[in-house]
**Student:** 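Dumping the structure here so I can ask a few things about it.
In what follows, every heavy atom counts, from backbone to side chain, and hydrogens, waters and symmetry copies are set aside.
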Amino acid sequence: MPMTGTRLSGTDAECYRLHSVRCPEGTVMIRPRRSLLFMPGSNARALEKARNLAADGLILDLEDAVAPDAKALARDQIAQAVAARGFGKREVLIRINALDTPWWIDDLNMAAKAKPDGVLVPKISSVADLTAIADRLSDVNAAQSIRVWAMIETSRAVLDADKIAAASRDSEMRLAGFVFGPNDISRETRIRMKPGRAEMIPMIIHCILATRAHGLEILDGPYSDIANVDGFAAECAQGRDLGFDGKTLIHPSHIEACNAIFTPPAEEVEMARKIIAAFRQPENASRGAIQLDGRMVERLHAEMARRTIAIADAIAAMG
């Protein structure tokens with residue numbers, strides 16, 4: 001991994017920013033992020049249980065799930081848990097407290113020493129907020145492998161999503177992606193959270209477009225009605241179809257359904273492999289479009305097929 005301050009360009013920069021597992025010529029194997037589960041840092045039992053959960057990633061929380069008088073305890077427990085390196089192949093993020101609180105600097109100092117895969121920063125509303133995080137990480141010589149994830153939870157963040165995402169072009173910002181935060185957006189804007197989220201879809205699409213324009217990942221926010229299994233499944237499917245890479249979760253009971261919904265179906269993977277194989281045939285090497293199983297298939301479908309295969313292979317590698 002490059003050291004702090006190293007500038008990346010071209011294919012290497014793109015793969016590094018996407019936190020790829022590997023990036024040989026012509027392929028990108030993206031880390032699966034179907035399900036990232038929030039775990040309260042103040043709950044030692046929960047942190048231990050997280051080692052055996054089937055989530056693709058864990059978000060060890062210092063913010064909403066931790067009372068003010070438990071912040072220091074949570075910080076110490078998360079530091080110990082991450083340093084122990086007992087989470088296997090799961091991606092590990094630490095959610096720090098927001099920049100308008102007295103805790104964020106201590107949180108970030110701890111994360112720099114513990115070396116998680118990334119830090120999740122709540123209520124990022126501007127490039128200046130990202131710069132403050134980047135400067136602090138640089139000041140403490142944090143490993144460049146620690147990526148930054150921005151929670152989009154304010155109206156200003158939604159309006160400036162493209163500017164925030166564009167900051168990822170500066171490798172020192174470490175920006176890997178967004179987490180869309182519907183609950184805080186609802187609180188600030190007074191847009192109601194209703195089944196189907198019709199009122200929020202314009203904002204969701206705006207943020208997804210911003211991330212894709214700059215090669216970033218984006219995760220959906222959590223579903224609060226834990227016992228509503230059908231409602232959760234419907235929102236997962238909606239998020240997948242809107243283009244989210246996965247979903248953040250607040251309860252372990254949601255992991256299995258979330259993983260299933262965000263996993264490419266076997267028949268889709270099979271067709272993707274057929275498309276790639278067809279374009280590799282010598283007679284199709286220079287063709288922009290071919291006929292396959294009675295349908296017209298273009299090179300853009302081959303690009304989509306490569307991503308489907310990469311995701312399926314990465315999920316299989318998780319075990």
**Student:** Test Phe38 against every option in Leu93, Leu120, Leu60 by the side chain to side chain contact (heavy atoms under 4.5 Å, CB included) rule and name the one that passes.
**Tutor:**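 Only one of Leu93, Leu120, Leu60 forms a side chain to side chain contact (heavy atoms under 4.5 Å, CB included) with Phe38, namely Leu120.
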
**Student:** Would you please name every residue forming a side chain to side chain donor-acceptor pair (under 3.5 Å) with Glu188, sequence neighbours left out?
**Tutor:**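 Only Ser155 meet the side chain to side chain donor-acceptor pair (under 3.5 Å) criterion with Glu188.
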
**Student:** Could you list who else is in Val66's hydrophobic cluster, with ILVMFWY side chains joined at under 4.5 Å, directly or through other members?
**Tutor:**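 The other cluster members (ILVMFWY side chains, heavy atoms under 4.5 Å, direct or chained): none.
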
**Student:** Test question: given the 4.5 Å side-chain rule for I, L, V, M, F, W and Y, name all other residues clustered with Phe279, or answer none.
**Tutor:**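 Joined to Phe279, directly or through intermediates: Met271, Ile275, Ile290, Leu292, Val297.
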
**Student:** Which residue pairs satisfy the ring-ring contact (aromatic ring centres under 6.0 Å, His included) criterion with at least one member in residues 236-258, sequence neighbours excluded?
**Tutor:**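 Those involving residues 236-258 are Phe232-His254.
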
**Student:** I'd like to know if the side chain of Arg307 and the backbone of Ile311 have a donor-acceptor N/O pair within less than 3.5 Å.
**Tutor:**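 Here the side-chain-to-backbone pair does not exist.
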
**Student:** If you apply the rule side chain to side chain donor-acceptor pair (under 3.5 Å), what do you find for Thr263 with Arg34, and how did you get there?
**Tutor:** CA-CA 7 Å; Thr263 296; Arg34 299 166 296 173; 2.7 Å; yes

**Student:** Looking at residues at least two apart in the chain, or sitting in another chain, which of them share a side chain to side chain donor-acceptor pair (under 3.5 Å) with Arg51?
**Tutor:**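 In terms of side chain to side chain donor-acceptor pair (under 3.5 Å), with neighbours along the sequence ignored, Arg51 is linked to Glu48.
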
**Student:** My understanding is that a hydrophobic cluster links ILVMFWY residues whose side chain heavy atoms are under 4.5 Å apart, including indirect links. Using that, what else belongs to the cluster containing Ile276?
**Tutor:**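 In the cluster with Ile276 are Ile309.
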
**Student:** Holding to side chain to side chain donor-acceptor pair (under 3.5 Å), I want the full list of residues that pass it with Lys274, two or more places apart in sequence or in another chain.
**Tutor:**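 For Lys274 the side chain to side chain donor-acceptor pair (under 3.5 Å) partners, ignoring immediate neighbours, are Asp293.
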
**Student:** Any chance you could lay out the salt bridge (charged side-chain N to carboxylate O under 4.0 Å, His left out) test for Glu235 and Lys247, step after step, and finish with the verdict?
**Tutor:** CA-CA 10 Å; Glu235 188 165 292; Lys247 191 167 182 65; 2.9 Å; yes

**Student:** What pairs with Asn109 under side chain to side chain donor-acceptor pair (under 3.5 Å), at least two apart in sequence or on another chain?
**Tutor:**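 Expected list: Arg136.
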
**Student:** Considering only distance and modelled atom types, tabulate donor-acceptor pairs under 3.5 Å from the side chains of residues 195-206, sequence neighbours left out.
**Tutor:**
from   : atom 1 : to     : atom 2 : distance (Å)
Arg197 : NE     : Gln238 : OE1    : 2.9
Arg197 : NH1    : Asp220 : OD1    : 2.9
Arg197 : NH1    : Asp220 : OD2    : 3.2
Arg197 : NH2    : Asp220 : OD2    : 2.9
Arg197 : NH2    : Gln238 : OE1    : 2.9
Glu199 : OE2    : Lys194 : NZ     : 3.2
His206 : NE2    : Val158 : O      : 2.8

**Student:** Apply salt bridge (charged side-chain N to carboxylate O under 4.0 Å, His left out) to Arg95 and list each qualifying residue two or more places apart in sequence or on a separate chain.
**Tutor:**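 Result, salt bridge (charged side-chain N to carboxylate O under 4.0 Å, His left out) vs Arg95: Asp61, Glu63, Asp64.
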
**Student:** Set out, in order, the CA-CA distance, both residues' side-chain angles and the distance that settles side chain to side chain contact (heavy atoms under 4.5 Å, CB included) for Ile226 and Asn228, then state yes or no.
**Tutor:** CA-CA 6 Å; Ile226 295 171; Asn228 186 350; over 6 Å; no

**Student:** Cluster partners of Met304, using ILVMFWY side-chain heavy atoms under 4.5 angstrom, listed by chain and number?
**Tutor:**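 Noted: Met304 shares its cluster with Leu300.
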
**Student:** Applying salt bridge (charged side-chain N to carboxylate O under 4.0 Å, His left out), run through Arg147 and Asp117 and close with a yes or a no.
**Tutor:** CA-CA 6 Å; Arg147 314 309 293 158; Asp117 294 299; over 6 Å; no

**Student:** Of all heavy-atom pairs between Val127 and Ala167, which one has the smallest distance, and what is that distance?
**Tutor:**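 Shortest heavy-atom separation between Val127 and Ala167 comes out as CG1-CB, 4.2 Å.
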
**Student:** Is any side-chain N of the basic residue among Asp56 and Arg90 closer than 4.0 Å to the acidic one's carboxylate O?
**Tutor:**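 Not counted as a salt bridge, because no side-chain N and carboxylate O are separated by less than 4.0 Å.
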
**Student:** Filter on ring-ring contact (aromatic ring centres under 6.0 Å, His included), then keep only pairs touching residues 87-146, sequence neighbours left out; what's left?
**Tutor:**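 Found none.
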
